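Bear in mind the structure is a predicted one, so any value in this text is a computation, not a measurement. Both counts, for ligands and for their atoms, begin at 1 and track the order of listing.
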Amino acid sequence: MSMQTGRLYIVATPIGNLGDITRRAVEVLKRVDLIAAEDTRHTAGLLSHLGIDARTLSFHEHNEQQRSQQLVELLLAGKEIALVSDAGTPLICDPGYRIVSACRERGIDVVPIPGASAVISALSASGLPTDRFLFEGFLPRTQAKRRKRLQQLSDFPSTLVFYESSHRILHSLEDMLTQFGKDRRVVIARELTKQYETMIDQPLGRLLQTMAADTNQQRGEFVVMVAAGESPVMEKGFIDGVLQVLVEEMPPNQAARIAARISGQPKRELYQLLLKLKEK
Ligand code: SAM
C-alpha cells in the first residue's frame with residue numbers, strides 16, 4: 001500500500017493587525033505536522049498569541065533551496081506542512097517560490113489559505129483604478145537601475161504598485177519625480193492595519209514635500225501606487241485614427257491586434273471599436 005502524500009499549505013498571516021488572521025489559517029496551523037517559517041522567532045510570537053504549540057522550521061531566502069528538497073521529502077512521506085512568512089501572503093515578495101514549484105513538479109498538492117496582503121489591501125482603499133494593475137514589488141537598490149526601471153514603466157497604461165521600505169522611500173519618490181513628473185497622482189499606504197496607518201493621495205511633487213517635511217511619514221512600511229501614465233498615443237481620438245489606417249491595409253482582426261500592441265488597450269475592445277467605426 002502506498003503512503004498518501006502530504007499537502008503544502010500556503011498560509012497568509014496578518015500584515016500588522018493580528019485580528020486579520022483567518023479561522024482557516026488558525027485551523028491549519030494547529031493541525032499541520034510542521035510550520036516552515038521565514039523567521040521562526042517572529043512566527044513564534046504569532047503562534048503564542050494564537051495559543052498554538054507547533055513545530056517550526058526556518059525557511060528563508062538563504063536556505064530555501066536546500067530546505068525545499070528536505071520539505072518535499074517530508075511531504076512525499078505523508079507529512080502536512082504549512083508555509084508562512086513574516087507578514088501577509090507567502091511568495092508575494094517573500095520566500096516560497098522554489099518549494100511551490102518543486103511540489104507542483106512532483107504532483108504534491110499545494111493549498112492556498114488566503115488572507116492579508118499589503119498590495120491588495122492598499123489597492124482596495126487607494127481610489128486608483130484597480131481593474132488592471134502592475135505589481136512591481138521592490139525597485140532595484142541602486143539609483144541608476146531604479147531610474148531605468150521607472151523610465152520603462154513611465155507610460156505603462158495601468159496603475160503601478162510598488163513595495164518600499166523606510167530606508168529607501170524618499171530616494172524612490174525622488175526618482176519617480178524625475179521619471180514621472182511632479183503632476184503624476186500617487187497614493188501612499190503606510191503602516192496598513194497598524195496604529196499609524198496613513199494614506200496620502202497627492203500629485204508626486206507635493207507628496208514628496210509632504211513626506212520630506214515630516215520624518216514620521218518616512219517611518220514604517222509602504223505601498224506606493226502610481227496612476228497610469230498618459231502616453232501620447234492614448235490621447236483621445238488617436239487610436240481611432242490608427243485603427244482606421246490599419247483596417248484599410250489588413251483584416252480587422254490583425255488591425256485590432258496591432259492597435260492593441262501600440263496602445264496597450266485590450267484587443268477585444270479595439271475590435272469592437274473597429275466594428276463601430278466601420279458602421280459610421
Ligand atoms: N508578503 C507580504 C504581503 O503579502 O504583502 C509582503 C512582504 S515584503 C518582504 C514587505 C513589504 O510589504 C514592505 O516593505 C511593504 O512595502 C509591504 N508591506 C507589508 N506590510 C505592510 C503594511 N502593514 N503597510 C504597508 N506596507 C506593507
Sorted by chain and residue number, the residues with a non-hydrogen atom under 4.0 Å of ligand 1 are Ile15, Ala87, Gly88, Thr89, Ile92, Cys93, Asp94, Ser117, Ala118, Phe138, Tyr163, Glu164, Ala189, Glu191, Leu192, Lys194, Glu221, Phe222, Val223
Q. Does the distance from a Lys or Arg side-chain N to an Asp or Glu carboxylate O, for Asp175 and Arg146, drop under 4.0 Å?
A. yes
Note to self: Within the supplied structure, the quantity of interest is the number of heavy atoms (other residues, nucleotides, ligands) at a distance under 6.0 Å from Gln70 CD; does it exceed 12?
What the structure shows: yes
Any sub-3.5 Å donor-acceptor pair from Arg67's side-chain atoms to Ser58's backbone N or O?
-> yes
_Tell me whether Gln218 contacts the main-chain N or O of Met211 through its side chain, where contact means a donor paired with an acceptor under 3.5 Å._
yes
With a 6.0 Å cut-off on ring centres, are Tyr163 and Phe135 close enough? yes
Give every donor-acceptor pair under 3.5 Å between a side-chain atom in residues 181-190 and any protein atom, sequence neighbours left out.
residue : atom : partner : partner atom : Å
Arg184  : NH1  : Ala227  : O            : 2.9
Arg184  : NH2  : Ser154  : O            : 2.7
Arg185  : NE   : Asp201  : OD1          : 3.0
Arg185  : NH2  : Asp201  : OD2          : 2.8
Arg190  : NE   : Gln217  : OE1          : 3.3
Arg190  : NH1  : Asn216  : O            : 3.0
Arg190  : NH1  : Arg219  : O            : 2.9
Arg190  : NH2  : Thr198  : OG1          : 3.2

